[in-house]
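As the structure lists them, so they are numbered: ligands from 1, and atoms in each ligand from 1. What you see is a predicted model, and the numbers here were worked out from it, not measured in a lab. These values consider heavy atoms only, across backbone and side chains, with no hydrogens, waters or symmetry-generated copies.
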Amino acid sequence: MKLYNTKTHQVEELIPWNKNKINMYTCGPTVYSYAHIGNLRTYIMEDVLEKTLNYIGYDVKRVMNITDVGHLSSDADTGDDKMVKSAKKENKTVLDIAKFYTDIFFEDLKKLNIKKPEIVSPATNNIDEYIKIISNLLEKGFAYQSGGNVYFDTSKLDNYYVLTNHKEEELISGVRESVEEDKNKKNKADFVLWFTKSKFEDQELKWDSPWGYGYPGWHIECTGISLKYLGEYLDIHCGGVDNIFPHHTNEIAQSEAFIGHPWCKYWFHVEYLNDKNGKMSKSKGDTLTVSTLEKEGINPLSYRLFCLGSNYRNTLEFSYDSVLSAQNTYDKLVNKIKNIKDNIENDFNKEDFEKYNGEFKKALENDLNTSSALTVLYDVIKADISNNTKLELIKNFDRVLSLDLLKEKEIDEELKKYIEEKIEERNSAKKEKNYEKADMIREELLSKGIELKDTREGTIYNLK
Ligand code: AMP
Ligand code: ZN
């Protein structure tokens, strides 16, 4: 498997620390608001990565955090805590807000067929872990106390900017936005490990620490949770490209200073979903969620297909037209597959199976080229091979694509009763030789997306 590694700035052969086992860490959502479909693009592509690794034979252990404390308005530790701000706005406690948005996040993952990582851990559950790491960093001289907070001293590292080729000045001003500079820092790039004398008097969640009552910074939570559950040798760390700096850069700094050796081999980053105003962003407020799509009649899996159609390293432009076009493709795809299923023969050709399965794997092993993998799926549907072989291939591909390609549309009891009554009525009309009425019933159902098919066993129906 070849993957682009942000750390080396090139596509590389994936060689895990430990043969066929892969430890994978994912930066989870900051649960102060609904996840937007941009965030979910990142989680869809990470899900495809995990499933691809499984498909080609790796044993993957994946961990994700839930950020419920410490993520400030600016990723460079300034501004308000996003959770506190949202709790105030909604007149709820921080923990209520966290629970509410975490639950919805997992419902959204389910709708998009994104597998929940094996371990999911909220930041607030691992305070002891952060205290242990920060104490060690202070002992070793990688951290200092200033103005009541504990900071990481980036000047102690030879190569702090390991993930980026940028110049320090550019990066710092890039993340600072319009927020004020923190005068307690020795170096501009230093970041907070622990806030004690917080300027936010109303910070709800605080814990005792050797440095006083306070709360952890955002970056230390991912280091703490990753080291706790995945150990000192991490294979793949994922996130959106906005996590590269400062979040992931800071994670590397503090993790490697703490463990004293290289930590994560591969850094996997997904590019932005943009809307007409640029990067879709929670803080801008006018973002689209899975529910917004559903209200517009868009099946969340059509959005998944839309994301799979583009390369994860390119920005993806959202528009309703393009997602509706993906929905059209999706519906056609499912119908064609249904047709294959309805015309199953009893022959399976191993050679054909290996050929197309090989092409599918090759596409994904080439830096997760999902659009080429979809092309292989379309080729299979068109190919001159047996339906049974096609079906086996589609079933296997869907272990990675997770588009429910073989799942029958669910039909509720009321609709089922209605269709059966209409079929009865049509049968009676036909018996009475009233073909005009029989045709009218067929047309009426068709206009509602219900297609009738007369077979020797009787009339059957398809939902389109
Ligand atoms: P957050 O909840 O803001 O911490 O972000 C959750 C994940 O979504 C992170 O991995 C971000 O890097 C990613 N993300 C944020 N905005 C976008 C976007 N517009 N497109 C793709 N991924 C994004
Ligand atoms: Zn993180």
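Distances from atom 23 (C) of ligand 1 to the heavy atoms of G240, S281, G38 put G38 nearest. For the residues F318, Y43, Y32, the heavy atom positioned nearest atom 7 (C) of ligand 1 is part of Y43.
Numbered from 1 in the order shown, with element, the atoms of ligand 1 that lie under 4.0 Å from a heavy atom of K279 read 16 (N), 19 (N). Close approach of ligand 1 to G239 (heavy-atom distance below 4.0 Å) involves ligand atoms 10 (O).
Not a single heavy atom of H269 lies less than 4.0 angstrom from ligand 1. Residue contacts with ligand 1: N243 is included, with a non-hydrogen atom under 4.0 Å away. D242 counts as a contact of ligand 1, since one of its heavy atoms falls under 4.0 Å from the ligand.
Using a 4.0 Å cut-off between heavy atoms, E271 contacts ligand 1 through its backbone alone, with no side-chain atom that close.
Classification of the H219-F191 ring pair by plane angle, with boundaries at 30° and 60°, yields perpendicular.
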If you apply the rule ring pair (Phe, Tyr, Trp, His ring centres under 6.0 Å), what do you find for Y233 with H261, and how did you get there? CA-CA 9 Å; Y233 293 90; H261 59 75; 4.5 Å; yes

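Considering just the N/O/S atoms of H247, the one nearest the Zn ion (ligand 2) carries the name NE2.
Using a cut-off of 4.0 Å between Lys/Arg side-chain N and Asp/Glu carboxylate O, K185 and D182 are scored as not salt-bridged.
Between the Zn ion (ligand 2) and H248 there is no N/O/S contact shorter than 2.8 Å. Residue H219: no N/O/S atom is found under 2.8 Å from the Zn ion (ligand 2).
A side-chain donor from one of T292 and T289 sits under 3.5 Å from a side-chain acceptor of the other. Between the side chains of T67 and E221, at least one donor N or O lies within less than 3.5 Å of an accepting N or O. When only modelled atom types and interatomic distance are considered, S371 and N369 share a side-chain donor-acceptor pair under 3.5 Å.
The backbone N or O of L230 lies less than 3.5 Å from a partner atom in the side chain of N23, making a donor-acceptor pair. No donor-acceptor distance shorter than 3.5 angstrom exists from the side chain of K183 to the backbone of G147, with no hydrogens or angles considered.
An N or O contact shorter than 3.5 Å links L273 to ligand 1 by distance.
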